[in-house]
Amino acid sequence: MRWGVVTFPGSNDDRDACNAITRVLGDPAVRLWHKDRSLGGVDCVVLPGGFSYGDYLRCGAIARFSPIMEAVVAHARAGGAVLGICNGFQVLCEAGLLPGALVANRTLRFVCRDVRVRVETVTTVATAFCRVGDVLTVPVKHGEGCYVASEGTLRELLDEDRVVFRYCDAHGRVGPESNPNGSLHDIAGICNAERNVVGMMPHPEHAVDRLLGSDDGARVLRSVGAWLERRGTLGPSATEVVPGP
């Protein structure tokens, strides 16, 4: 399968995402620039971590208006796979592809460390290679990673099994001690109603080598291909594309 990794001004995990995809999965990764207006025929779009446009206004607020996002939205609405990581999660919320928002950590401090997340559902593009209850060790690094939403939205996410990951301890227990940012309901990742768009604050691309602490992130990345294959949609994107410079 073909991946597309978007680079916004201020992205700093785009190269890491490409490296994880090509080195660990052995898949081709197309570099997409924020001014591109198409996706290069990719099966999955990755919106990587970083500080797009310097996080001015709000995290992801300006990136939402980048020319590439029109193609990303079209790809998502056509059923294409989209994975937003950290800043990418923030961009997806700002673009209306996912509900809620990411706000300042409750401690008002930047957090950068390994965390554990529990897989809550396996019927999403980011968890098809996992099992419910699996505990994954992946790093976080953010200052605005606290997920918030209205009571109605939270109820909808819970009722529709759209909470993808929750922060937890080594035994899979959730609680304030294992929640690094104060996210409501210990939410570390969610999906859209169609389950082809997932946003998550932890960085799977930084957890693909056991020698560096964990390779659990590779299971998240491998899930994308497994999910697309099960749906029979692995192949050319539904969105017409032309690579940018």
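We're numbering straight along the sequence, starting at 1.
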Participant: Out of curiosity, Leu97 CG to Leu92 CG, how far, rounded to the nearest 0.5 Å?
Facilitator: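 Result: 5.5 Å between the selected atoms.
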Participant: How far does CG of Asp36 sit from OG1 of Thr7, to the nearest 0.5 angstrom?
Facilitator: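 Going from the CG atom of Asp36 to the OG1 atom of Thr7 covers 9.5 Å.
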Participant: What residue among Thr137, Asp169, Asp216 forms side chain to side chain contact (heavy atoms under 4.5 Å, CB included) with Arg116?
Facilitator: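 In the set Thr137, Asp169, Asp216, the residue that makes a side chain to side chain contact (heavy atoms under 4.5 Å, CB included) with Arg116 is Thr137.
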Participant: How long is the span from the SG atom in Cys130 to the CG atom in Leu136, to the nearest 0.5 Å?
Facilitator: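 One finds 5.5 Å between SG of Cys130 and CG of Leu136.
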Participant: If you measure from NE2 on His34 to CD1 on Ile62, what distance do you get to the nearest 0.5 Å?
Facilitator: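 That separation rounds to 11.5 Å.
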Participant: In terms of side-chain heavy atoms, does Tyr147 have a donor or acceptor partner in Asn181 at a distance below 3.5 Å?
Facilitator: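 There is no such pair between these side chains.
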Participant: Between Arg195 and Thr121, do the side chains contain an N or O donor and an N or O acceptor separated by less than 3.5 Å?
Facilitator: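 Arg195 vs Thr121: donor-acceptor pair found between side chains.
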Participant: Taking atom types as modelled, find out whether Thr107 and Asn105 have a side-chain donor-acceptor pair closer than 3.5 angstrom.
Facilitator: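 No - no donor-acceptor pair under 3.5 Å links their side chains.
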Participant: Can Asp134 and Arg219 be counted as an ion pair, charged N to O under 4.0 angstrom?
Facilitator: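 Arg219 and Asp134: salt-bridged.
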Participant: Does Glu120 come within less than 4.0 Å of Arg118, counting only side-chain N to carboxylate O?
Facilitator: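 Yes.
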Participant: Give a yes or no on whether Leu25 and Ile85 share a hydrophobic cluster (residues Ile, Leu, Val, Met, Phe, Trp, Tyr; joining criterion: side-chain heavy atoms under 4.5 Å apart).
Facilitator: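 In one cluster with Leu25: Ile85, yes.
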Participant: Roughly how far apart are Met1 CE and Leu228 CG, rounded to 0.5 Å?
Facilitator: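 It comes to 5.5 Å.
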Participant: Working to the nearest 0.5 angstrom, can you tell me the gap between His75 NE2 and Cys44 SG?
Facilitator: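 Answer for the NE2-SG pair, His75 versus Cys44, is 6.5 Å.
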Participant: Will you find, in the side chains of His142 and Asn87, an N or O donor that is under 3.5 Å from an N or O acceptor?
Facilitator: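 Short answer, no.
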